[in-house]
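Worth saying up front: this structure is predicted, and the values here are computed from it rather than measured. Hydrogens, waters and symmetry mates are skipped; everything else that's a heavy atom, side chains included, is used.
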Amino acid sequence: MAFQVENWRRTQETDLAVVQSFGAFSPSGRFLAAADANTIEVREAINGSIVATVEMLGVTSLAVSADGRLLVAADDDGLIGAWSLSPLVSLWQSRLELPAPAYAQVVYDVQFAADGQLAVASKPAGVNNTLVEMWPMPQAGGRPQALWQAVMLDSDYQAFSPSPDGSRILLVTEAGYWVMMHERERLFIDGFYDSGENAVVAFSPDGSLATGIEPEGGWIYDVAGHAMREIDDLGVLEEPSDVCWSPEGDAILITSETGLAVCSRQTDTFAFEGIIDDSSGFEAAAFIDQSTVAAKRGDSLILLQRG
């Protein structure tokens with residue numbers, strides 16, 4: 001099988017200037033944005049070269065677009081900023097605020113969809129309502145207005161992921177997994193294997209499938225059929241932190257304290273292949289192409305290739 005563990009090897013390692021364990025790959029896997037206490041660094045994943053460096057304090061989430069042209073980051077005070085890269089130009093900064101009595105908006109996460117829209121997960125301060133929104137991202141001008149939004153009342157946020165076309169958001173709360181859509185449509189998928197802690201989710205490149213990973217197991221969700229199937233032979237993974245798909249949608253890569261795990265498509269399901277790198281501390285990873293994986297671990301950008 002093409003994705004068997006023995007086919008993979010490390011080929012490159014680049015030291016990052018930022019040392020905090022925080023980073024996110026673009027939907028294409030071609031770019032990595034990483035942050036420390038006051039600096040964001042955007043690099044090309046294939047060779048580690050720096051695209052841009054941005055100053056911002058207290059970064060809590062960040063995202064870079066698939067083409068590497070846009071960077072968005074949120075801080076611990078509810079401020080979201082957007083930059084155009086190469087050359088570096090600040091587009092806008094805006095603090096999310098709501099009318100009284102909600103005095104502020106806490107930003108959980110920002111992620112780019114493959115088509116360039118921005119997904120934002122947030123909540124009004126002081127309550128447990130989760131708000132997810134899809135924003136268009138123009139190259140210039142002020143902060144865009146949401147194309148659509150959905151609210152989950154009385155929910156403790158865990159994770160989320162936008163579909164490639166921005167029509168759906170896969171949301172994880174303490175109640176389980178949900179598909180959120182415009183016009184307040186939502187579909188409940190299922191509950192957790194155990195507590196739901198450290199759950200991570202992602203849509204496939206064509207949006208027809210999605211996956212959810214927890215320490216106790218994982219599943220593949222068929223969007224059209226609204227059906228899910230467990231990933232075969234996936235054992236316990238310590239503290240999963242990220243999951244991504246291969247460009248052809250025939251494999252998924254999972255980062256956790258156990259290492260980099262890969263699962264591949266079988267006849268009618270997906271199955272666990274094994275650990276391709278058993279180093280601890282991986283926070284994020286992405287397929288650059290069918291044979292190349294980039295991963296962030298601490299202050300290192302690591303490249304792996306299969307023969």
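- Taking hydrophobic clusters as Ile, Leu, Val, Met, Phe, Trp and Tyr residues chained together by side-chain heavy-atom distances below 4.5 Å, Val243 shares a cluster with Ile275.
- Each of Asp156, Val151, Asn128 was checked for a side-chain contact (heavy atoms from CB on, under 4.5 Å) with Lys123, and the lone residue meeting it is Asn128.
- Both tests hold for Arg306 against Phe3: distance to the six-membered ring centre under 6.0 Å, angle to the ring axis within 45°.
- Contact of the Trp135 side chain with the Gln145 side chain is not registered, since no non-hydrogen atoms from C-beta on lie closer than 4.5 Å.
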Could you go through Leu32 and Lys296, starting from their C-alpha distance and side-chain angles, then the distance that decides it, and tell me whether this counts as side-chain contact (heavy atoms from CB on, under 4.5 Å)? CA-CA 8 Å; Leu32 169 68; Lys296 182 185 182 299; 4.3 Å; yes
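- Asp165 and Ser163 form a side-chain donor-acceptor contact under 3.5 Å, judged by distance and modelled atom types alone.
- In this structure, Thr53 OG1 and Ile40 CD1 are separated by 10.0 Å, a value rounded to the nearest 0.5 Å.
- The backbone N or O of Ala285 lies less than 3.5 Å from no partner atom in the side chain of Thr255, so there is not a single donor-acceptor pair.
- Of all heavy-atom pairs between Val110 and Ala63, the closest is O-CB, 3.7 Å.
- In this structure, CZ on Phe112 lies 5.0 Å from CG on Leu118, to the nearest 0.5 angstrom.
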Could you pull out all donor-acceptor pairs under 3.5 Å where a side-chain atom in residues 198-210 meets a protein atom, sequence neighbours excluded?
unit_1	atom_1	unit_2	atom_2	d
Ser204	OG	Asp206	OD1	2.9
Ser204	OG	Gly207	N	3.4
Ser204	OG	Ser208	N	3.4
Ser204	OG	Leu209	N	3.1
Ser204	OG	Leu209	O	3.2
Asp206	OD1	Ser208	N	3.0
Asp206	OD1	Ser208	OG	2.8
Asp206	OD2	Ser208	OG	3.2

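- Partner Tyr177 forms a ring-ring contact (aromatic ring centres under 6.0 Å, His included) with one of Phe188, Tyr193, Trp219 and no other, that one being Trp219.
- Between Glu216 and Val236 there is no side-chain heavy-atom pair separated by less than 4.5 Å.
- Residues Pro136 and Leu147 meet the side-chain proximity criterion, which asks for heavy atoms closer than 4.5 Å.
- The backbone N or O of Leu131 sits nowhere less than 3.5 Å from a side-chain atom of Gln149 that would complete a donor-acceptor pair.
- Phe192 and Tyr221 fall within a single hydrophobic cluster, where Ile, Leu, Val, Met, Phe, Trp and Tyr side chains are chained together by heavy-atom contacts under 4.5 Å.
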Kindly determine whether Val51 and Val64 satisfy side-chain contact (heavy atoms from CB on, under 4.5 Å), including the steps that lead there. CA-CA 11 Å; Val51 175; Val64 60; over 6 Å; no
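- Checked by atom type and distance alone, the side chain of Arg30 never pairs as donor or acceptor with a backbone atom of Gly68 at under 3.5 Å.
- Using a distance-only test at 3.5 Å, with no hydrogens or angles considered, a donor-acceptor pair links the side chain of Trp148 to the main chain of Gly166.
- Residues Val72 and Val120 share a single hydrophobic cluster, defined by chaining ILVMFWY side chains whose heavy atoms lie under 4.5 Å apart.
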Carefully, step by step, assess Arg69 and Leu85 under the rule side-chain contact (heavy atoms from CB on, under 4.5 Å). CA-CA 5 Å; Arg69 294 181 180 180; Leu85 306 177; 5.8 Å; no
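- Judged purely by atom type and a 3.5 angstrom limit, Glu283 uses its side chain to pair as donor or acceptor with the backbone of Gly298.
- A 4.5 Å side-chain heavy-atom check between Ser65 and Ser26 finds every atom pair outside the cut-off.
- Connection of Val179 to Ile169 is not established within any shared hydrophobic cluster, with ILVMFWY side chains joined at heavy-atom distances below 4.5 Å, either directly or through further cluster members.
- A 4.5 Å side-chain heavy-atom check between Val5 and Asn7 finds every atom pair outside the cut-off.
- Side-chain N or O atoms of Arg43 include one that pairs as donor or acceptor with a backbone N or O of Gly48 at under 3.5 Å.
- Proximity of Ile220 to Ile231: side-chain heavy atoms (C-beta onward) are separated by under 4.5 Å at one or more points.
- Under the 4.5 Å side-chain heavy-atom criterion for grouping Ile, Leu, Val, Met, Phe, Trp and Tyr, Met137 is connected to Leu91 within one hydrophobic cluster.
- For the residue pair Phe272 and Ala261, the shortest heavy atom distance occurs at CE1-CB, 3.8 Å.
- Met152 CE to Glu174 CD: the interatomic distance, rounded to the nearest 0.5 Å, is 9.0 Å.
- A 4.5 Å side-chain heavy-atom check between Trp92 and Ile80 finds at least one atom pair inside the cut-off.
- A distance of 14.0 Å separates OG1 of Thr173 from CZ of Phe160, quoted to the nearest 0.5 Å.
- Among all heavy-atom pairs drawn from Ala45 and Ala294, the shortest one is CB-CB, 3.9 Å.
- A heavy-atom distance below 4.5 Å is not found between the side chains of Leu260 and Ile302.
- Side chain of Thr258 to main chain of Glu238: a donor-acceptor pair is present (N/O by atom type, distance under 3.5 Å, no hydrogens or angles).
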Trp8 vs Val293, test: side-chain contact (heavy atoms from CB on, under 4.5 Å). Steps then yes/no. CA-CA 9 Å; Trp8 294 90; Val293 162; 3.7 Å; yes
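- Not one N or O on the side chain of Asp278 forms a donor-acceptor pair closer than 3.5 Å with the backbone of Gly259.
- The two residues Ser300 and Glu13 make their nearest non-hydrogen contact at OG-OE2, 3.1 Å.
- Once rounded to the nearest 0.5 Å, the distance linking CZ of Phe287 with SG of Cys244 reads 6.0 Å.
- Judged purely by atom type and a 3.5 angstrom limit, Arg9 has no side-chain atom pairing as donor or acceptor with the backbone of Gly307.
- Annotation: the span from Thr130 atom OG1 to Asp154 atom CG amounts to 9.5 Å, rounded to 0.5 Å.
- A donor-acceptor contact shorter than 3.5 Å links the side chain of Arg297 to the backbone of Ser280.
- Between Met134 and Ala113 the shortest heavy-atom distance is CE-CB, 4.3 Å.
- In terms of heavy-atom proximity, Met56 sits nearest to Ala74 at CE-C, 3.9 Å.
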